[in-house]
Amino acid sequence: MTSVNADQLPNPKVDRRQLPPGPPELPILGQTLRYVRDPIGLMQEAAAYGDLATLSVRPFLMFQVNHPDLIQEIFITQHRRVGRGRLGSAIRLIFGENLITSGGAAHLRKRRLMQPHFHNRRIAAYGETMIRYALRHQQRWTDGMEVDMVPEMRDLTLHIVVKALFGIDLPADVTRIGEVFDFCNVYLMRRYNQPPPLRRLTHRLPLPLTRRFRREIAYLDGIVADLIEQCRESDEERDDLLALLVHTTDDESDQPDEAAMTDLEVRNEVGALFVAGHETTTLALTWTWYLLATHPEWQARWHAELDEVLGDRSVTLSDLPHLTITDQILTESLRLYPPFWSAGRMAFESFELAGFQVPAGAMLLAPQIVMHRNARWFEEPEAFRPDRWTPEFRKNLPAFAYYPFGGGPRRCIGDSFAWMEAQIVLATLGQSWRVRHIPRHPVELKPLATLQPKHGMPIALERRHSQRN
């Protein structure tokens with residue numbers, strides 16, 4: 001299938017009586033107001049209507065998929081008939097055409113070019129960088145201080161990702177880059193919730209939000225352009241991802257002129273991978289610290305594992321397979337608070353799903369935060385129970401009952417990088433620090449493009465051992 005522009009597909013016209021059941025609708029508005037105010041609550045309600053439910057968020061027709069087998073069908077079996085849809089169109093405003101937004105042959109080419117740089121051997125090369133920055137970060141903390149884990153983890157993951165992607169270590173630039181992507185997250189969701197004609201219009205008009213967006217993107221473009229130029233002109237051997245992309249060639253290409261990535265393609269890929277790799281890990285770590293702080297019994301078991309496996313030395317890559325409780329805690333955290341909390345596709349062609357006809361132009365939602373908390377697959381689904389993740393439980397769990405990194409041909413290409421980074425950061429900081437929840441602080445979900453804590457995540461710190469250099 002060739003790449004399809006989702007904005008050019010007409011809104012499907014269907015007889016509501018031929019669609020799956022769904023939550024009650026208002027005349028004309030459908031469920032639009034509820035979707036804007038509380039999308040997670042609406043999706044949780046829709047899950048009670050069956051394996052496939054209808055959501056009417058005008059002017060869009062949406063099908064919510066509530067069974068692992070059906071999610072596998074849209075992610076894998078029917079993947080040529082579906083694409084990113086509205087989210088892809090909104091992301092394209094910020095990062096242009098890239099691995100996340102492209103479809104068809106263009107997506108296959110980009111994936112083929114970039115996949116070798118995310119093999120386990122290549123990912124392992126970044127491990128020392130992760131360890132070094134985690135050790136440096138934990139020295140900033142003092143006993144008894146209160147920190148907001150959102151900016152703390154963002155700063156740490158920004159340093160790691162910028163070093164891995166750009167090969168630089170400039171704290172001022174790192175902070176400024178983080179501000180750019182914070183704003184882009186807000187801008188992305190503002191444009192995502194607009195109908196395509198309005199989205200294109202507001203993106204062109206000199207509105208205050210649009211003017212700021214252009215300033216932020218111009219700043220990021222300037223940094224990336226300079227780095228690409230330096231990379232192309234340098235004779236120095238580099239192993240950061242930017243250098244790898246600049247010098248990547250497509251050995252399978254029939255067109256020699258298209259074998260290498262252009263500067264624009266590199267810029268688009270670096271920007272998309274940056275926000276995906278930095279934002280998701282930031283939030284995964286933030287929510288994990290919250291769960292550890294509110295479950296001291298599990299924090300004690302985790303610390304005991306760190307002491308037993310690591311003792312007084314720093315974590316190494318060879319230690320990670322032996323940190324079983326660390327792995328279980330992180331897995332359970334991503335179940336309860338998946339950073340990408342809802343996966344979406346748009347039907348580019350009509351096809352049948354669960355006995356119903358999905359028309360071209362319809363949206364398909366597979367919300368992780370709903371599926372991950374489904375009592376059919378998880379006993380006590382709202383409870384934090386890391387010990388549920390035994391080898392036997394993992395083996396018997398349907399493939400798409402748990403999918404924090406998506407699945408199929410569009411599964412997150414950097415999942416191994418993110419997982420290793422989260423394990424290393426948790427183990428390194430956990431050796432020296434115990435965390436306590438601050439009861440006066442409200443914890444609410446803020447579902448933007450990613451699942452953020454609405455009021456930040458202040459945490460109190462207690463020193464466990466002397467800090468290692």
Q357 atom CD, neighbour heavy-atom count above 12 within 6.0 Å: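 Above 12, so yes.
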Flag if over 12 foreign heavy atoms under 6.0 Å of CD, E128: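 Result for CD/E128: open.
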Do any N or O atoms from the side chain of [X] and from the backbone of [Y] form a donor-acceptor pair under 3.5 angstrom?
{"X": "W287", "Y": "T282", "value": "no"}
{"X": "Q452", "Y": "P447", "value": "no"}
{"X": "Q431", "Y": "D307", "value": "no"}
{"X": "R345", "Y": "G83", "value": "no"}
{"X": "T54", "Y": "G22", "value": "no"}
{"X": "Q31", "Y": "S56", "value": "yes"}
{"X": "E265", "Y": "T262", "value": "yes"}
{"X": "T428", "Y": "V425", "value": "no"}
{"X": "H67", "Y": "A354", "value": "no"}
{"X": "Q299", "Y": "V435", "value": "yes"}

Aromatic contact, Y403 with H372 (centres under 6.0 Å):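 Yes, ring centres under 6.0 Å apart.
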W389 ring center within less than 6.0 Å of Y402 ring center: yes
salt_bridge([X], [Y]) N-O dist < 4.0 Å:
{"X": "E380", "Y": "R385", "value": "yes"}
{"X": "R376", "Y": "D69", "value": "no"}
{"X": "D148", "Y": "R154", "value": "no"}
{"X": "K395", "Y": "E392", "value": "no"}
{"X": "R34", "Y": "D38", "value": "no"}
{"X": "R58", "Y": "E25", "value": "yes"}

Just checking, is any N or O donor in the side chain of [X] or [Y] under 3.5 Å from an acceptor N or O on the other one?
{"X": "T316", "Y": "D319", "value": "yes"}
{"X": "H322", "Y": "E305", "value": "no"}
{"X": "T281", "Y": "T157", "value": "no"}
{"X": "W302", "Y": "T326", "value": "yes"}
{"X": "Y187", "Y": "H203", "value": "yes"}

Verdict with supporting geometry, W341 and T450, side chain to side chain contact (heavy atoms under 4.5 Å, CB included): CA-CA 6 Å; W341 58 276; T450 50; 5.6 Å; no
ring-ring contact (aromatic ring centres under 6.0 Å, His included) partners for Y133, two or more places apart: H159
Heavy atoms only: give me the nearest [X]-[Y] pair and the separation to one decimal.
{"X": "P24", "Y": "E45", "answer": "CD-OE2, 3.5 Å"}
{"X": "L334", "Y": "P339", "answer": "CD2-CD, 3.4 Å"}
{"X": "N66", "Y": "L52", "answer": "ND2-N, 4.4 Å"}
{"X": "I76", "Y": "G408", "answer": "CG1-CA, 3.8 Å"}
{"X": "L306", "Y": "G430", "answer": "CD1-C, 3.7 Å"}
{"X": "F75", "Y": "A366", "answer": "CZ-CB, 4.3 Å"}

Cation-aromatic face contact R373/Y337, 6.0 Å, 45 degrees: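 Satisfied, under 6.0 Å and within 45°.
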Residues which pass side chain to side chain contact (heavy atoms under 4.5 Å, CB included) with L29, listed by chain and number, not counting sequence neighbours: L26, L33
R388 vs E332, side chain to side chain contact (heavy atoms under 4.5 Å, CB included): CA-CA, chis, key distance, verdict: CA-CA 8 Å; R388 75 171 81 239; E332 181 75 343; 3.1 Å; yes
R81 and F348: CA distance, side-chain angles, deciding distance, side chain to side chain contact (heavy atoms under 4.5 Å, CB included) verdict: CA-CA 5 Å; R81 292 189 170 95; F348 293 156; 5.9 Å; no
Steps toward side chain to side chain contact (heavy atoms under 4.5 Å, CB included) verdict (I438, M457): CA-CA 9 Å; I438 302 174; M457 190 59 70; over 6 Å; no
Mind checking the [atom1]-[atom2] spacing from [X] to [Y]? Nearest 0.5 Å is all I need.
{"X": "F60", "Y": "M363", "atom1": "CZ", "atom2": "CE", "value": "8.0 Å"}
{"X": "Q328", "Y": "D387", "atom1": "CD", "atom2": "CG", "value": "7.0 Å"}
{"X": "L365", "Y": "S342", "atom1": "CG", "atom2": "OG", "value": "5.0 Å"}
{"X": "T288", "Y": "L426", "atom1": "OG1", "atom2": "CG", "value": "5.5 Å"}
{"X": "I424", "Y": "Y126", "atom1": "CD1", "atom2": "OH", "value": "13.5 Å"}
{"X": "L156", "Y": "M130", "atom1": "CG", "atom2": "CE", "value": "10.5 Å"}

Heavy-atom check, side chain of L285 versus side chain of L330, under 4.5 Å: no
